[in-house]
Amino acid sequence: MAEELGFSKGLAGVVADATSVSQVQGEVGRLIYRGISIEEIAEKSTFEEMTYFLLRGKMPTQPELNKVTAELKEFRALPKTVEAVIDAAPKTAHPMMVLQAAMAALAWDEAPVNLKDVDGNVRNAVRLTAQLGTAVARISRRRRGLAPVEPRTDLSHAENFLYMLDGKVPSKDVARMFDVALMLHMDHDFNASTFSARVIASTEARLTASVSGAVGALSGPLHGGANEKVLEMADKIGAPEKAKDWVANALATKAKVMGFGHRVYRTMDPRAKVLRGMLEQLVAQTGDKSTYETLRIVHDTMIDELGKTSKDYIWPNVDFWSGALYRLMKIETIDFTPIFAVARVVGWSSHIIEMWQDNRIYRPAAKYVGPTEATISPIASRG
Ligand SMILES: CC(C)(COP(=O)(O)OP(=O)(O)OC[C@H]1O[C@@H](n2cnc3c(N)ncnc32)[C@H](O)[C@@H]1OP(=O)(O)O)[C@@H](O)C(=O)NCCC(=O)NCCS
């Protein structure tokens with residue numbers, strides 16, 4: 001049956017549905033959100049504007065932008081029940097595990113909305129986007145033994161998030177770089193967490209339940225966890241002069257170098273270029289070159305060894321530089337993947353709202369490889 005239908009391990013190359021939210025043009029290294037290139041978005045837009053654009057499918061007018069900006073501020077506080085869920089988690093739990101639980105708990109307060117009610121679903125998505133940021137900051141501070149910082153309503157989404165994380169309002173430069181980093185991570189067509197969100201939502205499960213599942217998918221090192229692993233790698237290498245040998249050894253032992261490779265890109269991920277530019281700007285401002293220099297040598301060695309030659313097209317992806325950028329913003333490594341979720345929640349929600357306009361449950365076929373005529377033997381005779 002499966003052979004007749006076609007079988008592709010990991011669903012590689014399978015077209016699972018249609019979307020107009022974003023497109024990865026892997027051959028040429030281009031990413032577009034509803035037609036607009038990620039480079040233009042990074043240069044001209046803001047998190048608030050992109051939230052409206054991705055969720056609604058049109059660029060906001062000034063009053064529409066003012067409204068979504070006000071809503072993102074108004075919804076920032078967490079329900080007491082969700083605060084209690086976060087505060088009940090062991091301090092040693094990985095923040096993604098706590099975030100997934102917090103998202104599941106946010107579903108208790110989600111207003112029930114008809115599947116095709118775009119206004120109602122967008123309202124829920126904006127609320128979820130605002131609250132997810134607050135949850136991530138609270139989880140981080142609790143882990144670090146710090147009291148939560150209440151959100152402020154006079155700051156942008158990016159500024160307020162960094163303020164809630166650190167207790168201090170960031171400089172305009174850092175806030176803008178973080179705003180851009182969030183926009184770069186907002187959507188990426190049918191990546192694993194978005195596909196997970198779509199699968200869950202295709203059962204007509206609620207938006208927040210679907211996002212909670214997507215957080216689980218994002219927690220894995222082959223997906224959102226990779227930028228955390230890139231910095232672990234940089235720390236393990238220890239110094240720029242050791243990087244070249246380290247890469248040679250990794251490749252000789254068939255180890256994967258984190259932050260490289262992609263299912264769709266056949267060349268450099270365009271987000272990696274934008275992130276590298278911002279990182280270089282921050283390295284120049286802070287004078288702290290340590291992690292950057294090690295990564296730069298890993299990067300150049302990998303491109304020489306694999307990028308230019310490998311049949312598998314192993315080029316840098318979004319995760320290669322983002323961790324080093326966040327580190328210079330004084331963000332702890334373990335918080336990187338939750339920050340990915342702060343941005344990607346917009347993409348997850350946009351896909352769900354789009355899909356619900358013409359929903360069909362996802363239910364692929366399996367290639368069954370087990371026995372077909374087995375029987376139950378007496379327990380005493382089983383080996
Ligand atoms: C992204 C990723 C999961 C894509 O996986 P995929 O499309 O299933 O590709 P595969 O893992 O099957 O890789 C194909 C080949 O390239 C090699 N390869 C892939 N990524 C590699 C990497 N980062 N470093 C070294 N070799 C790599 C694999 O070992 C494999 O070689 P083989 O056929 O000799 O076994 C994979 O490239 C990876 O694990 N990268 C590191 C993690 C990462 O950065 N993730 C973030 C993604 S945005």
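We're numbering straight along the sequence, starting at 1. Note that these values count all heavy atoms, side chains included, but never hydrogens, waters or copies made by symmetry. For ligands, and for the atoms within them, numbers begin at 1 and follow the listed sequence.
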the protein heavy atom lying closest to atom 24 (N) of ligand 1 turns out to be Val257 N, 2.9 Å
Would you call Arg296-Glu280 a salt bridge at under 4.0 Å N-O?
no
When you compare ligand 1 with Met258, is there at least one nitrogen or oxygen pair between them that comes in under 3.5 angstrom?
no
Measure Asn317 to ligand 1 on non-hydrogen atoms and call it side chain, backbone, both or neither using the 4.0 Å cut-off.
side chain
Evaluate Ala226 for polar contact with ligand 1, using N/O atom pairs at a separation under 3.5 Å.
no
Determine if the distance from atom 47 (C) of ligand 1 to the closest protein heavy atom is below 4.0 Å.
yes
Would Thr301 and Glu305 count as having a side-chain donor-acceptor pair, cut-off 3.5 Å?
no
Check the orientation of His188 and His262. Use parallel for under 30°, tilted for 30 to 60°, and perpendicular for over 60°.
perpendicular
Of all protein heavy atoms, the one nearest atom 30 (C) of ligand 1 is Asp312 OD2, 4.3 Å
Under the criterion side chain to side chain contact (heavy atoms under 4.5 Å, CB included), I'd like the reasoning laid out for Leu282 against Asp288: C-alpha separation, chi angles, the key distance, then a yes or no.
CA-CA 8 Å; Leu282 207 51; Asp288 182 350; over 6 Å; no
Look at atom CZ of Arg141 and say whether more than 12 heavy atoms of other residues, nucleotides or ligands are closer to it than 6.0 Å.
yes
Could you tell me if Arg198 sits above the aromatic ring of Tyr362, with its cationic atom closer than 6.0 Å to the ring centre and no more than 45 degrees from the axis?
no
Among all the protein's heavy atoms, is there at least one whose distance to atom 9 (O) of ligand 1 comes out below 4.0 Å?
no
Using a distance threshold of 4.0 Å (strictly less than), state whether atom 12 (O) of ligand 1 has a protein heavy-atom neighbour.
no
Do the ring planes of His223 and Phe340 sit parallel (below 30°), tilted (30 to 60°) or perpendicular (above 60°)?
perpendicular
Side-chain donor/acceptor of Gln23 to backbone N/O of Ile32, under 3.5 Å:
no
For Asp154, does the CG atom sit with more than 12 other heavy atoms under 6.0 Å from it, leaving out its own atoms?
yes
Could you check atom 32 (P) of ligand 1 against the protein and tell me its nearest heavy-atom contact, residue, atom and distance included?
Lys254 NZ, 4.3 Å
In ligand 1, the atoms that come under 4.0 Å of a heavy atom of Leu222 are 39 (O), 45 (N), 46 (C), 47 (C)
the protein heavy atom lying closest to atom 1 (C) of ligand 1 turns out to be Gly261 O, 3.6 Å
Any idea which protein heavy atom is nearest atom 21 (C) of ligand 1, and the distance to it?
Lys256 CG, 3.8 Å
Might you work through the side chain to side chain contact (heavy atoms under 4.5 Å, CB included) test for Glu48 and Ser156, ending with a clear yes or no?
CA-CA 8 Å; Glu48 285 76 1; Ser156 73; 3.7 Å; yes
Phe178/Phe161 aromatic ring centres below 6.0 Å:
yes
What about Asp319: any of its N or O atoms under 3.5 Å from an N or O on ligand 1?
no
Should Lys229 be listed as contacting ligand 1, given a heavy-atom distance under 4.0 Å as the test?
no
Is a side-chain donor-acceptor pair under 3.5 Å present for Asn191 with Thr194?
yes
Under 4.0 Å, counting heavy atoms only: does Gly10 come that close to any atom of ligand 1?
no
Distance flag for atom 35 (O) of ligand 1, protein heavy atom under 4.0 Å:
no
Could you tell me whether atom 44 (O) of ligand 1 has a protein heavy atom closer than 4.0 Å?
yes
Short N/O distance, under 3.5 Å, between Phe260 and ligand 1?
yes
How close does the nearest protein non-hydrogen atom get to atom 4 (C) of ligand 1, and which residue and atom is it?
Arg263 N, 4.0 Å
Ligand 1 atoms in contact with Gly259 (distance to a heavy atom under 4.0 Å)
43 (C), 44 (O)
Taking atom 19 (C) of ligand 1 as the reference point, the nearest protein heavy atom with its distance:
Ile314 CD1, 3.5 Å
Residues Arg143 and Glu332 bridged, charged N to O under 4.0 Å:
yes
